[in-house]
Amino acid sequence: MPNIGPAELLVVLLVALVVFGPRKLPELGKSLGNGLREFRRSTQGLRDDLNITAPAPTAPAAVAPAPSVAAAHAVTATPGPERVSPDSSAHLA
């Protein structure tokens, strides 16, 4: 989205002045300001209501560390009758 610079803002104000006239423009600005103020108040009230009724966040449960890739590979890649337990994978190299 392009930024609105001073030149673009001036063009918009000139078009508004031509369309609405110099007498109606201050009234439109005042009503626009009142509308924005009321919108801000209502959204702040809604935000306050949601914050009051929202449950307090709890601490996340402790997560066990994931097994290493080398240990998982050593356990699944050993063929034959001998099975390697995850505890004994540390001494395999």
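With sequence neighbours left out, E38 forms a side chain to side chain donor-acceptor pair (under 3.5 Å) with no residue at all. Every side chain to side chain donor-acceptor pair (under 3.5 Å) that R47 has, sequence neighbours left out, goes to Q44.
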Ignoring hydrogens and angles, write down the donor-acceptor pairs under 3.5 Å from the side chains of residues 7-32, residues two or more places apart or on other chains.
from : atom 1 : to  : atom 2 : distance (Å)
E8   : OE1    : G5  : N      : 3.0
S31  : OG     : E27 : O      : 3.3
S31  : OG     : L28 : O      : 3.0

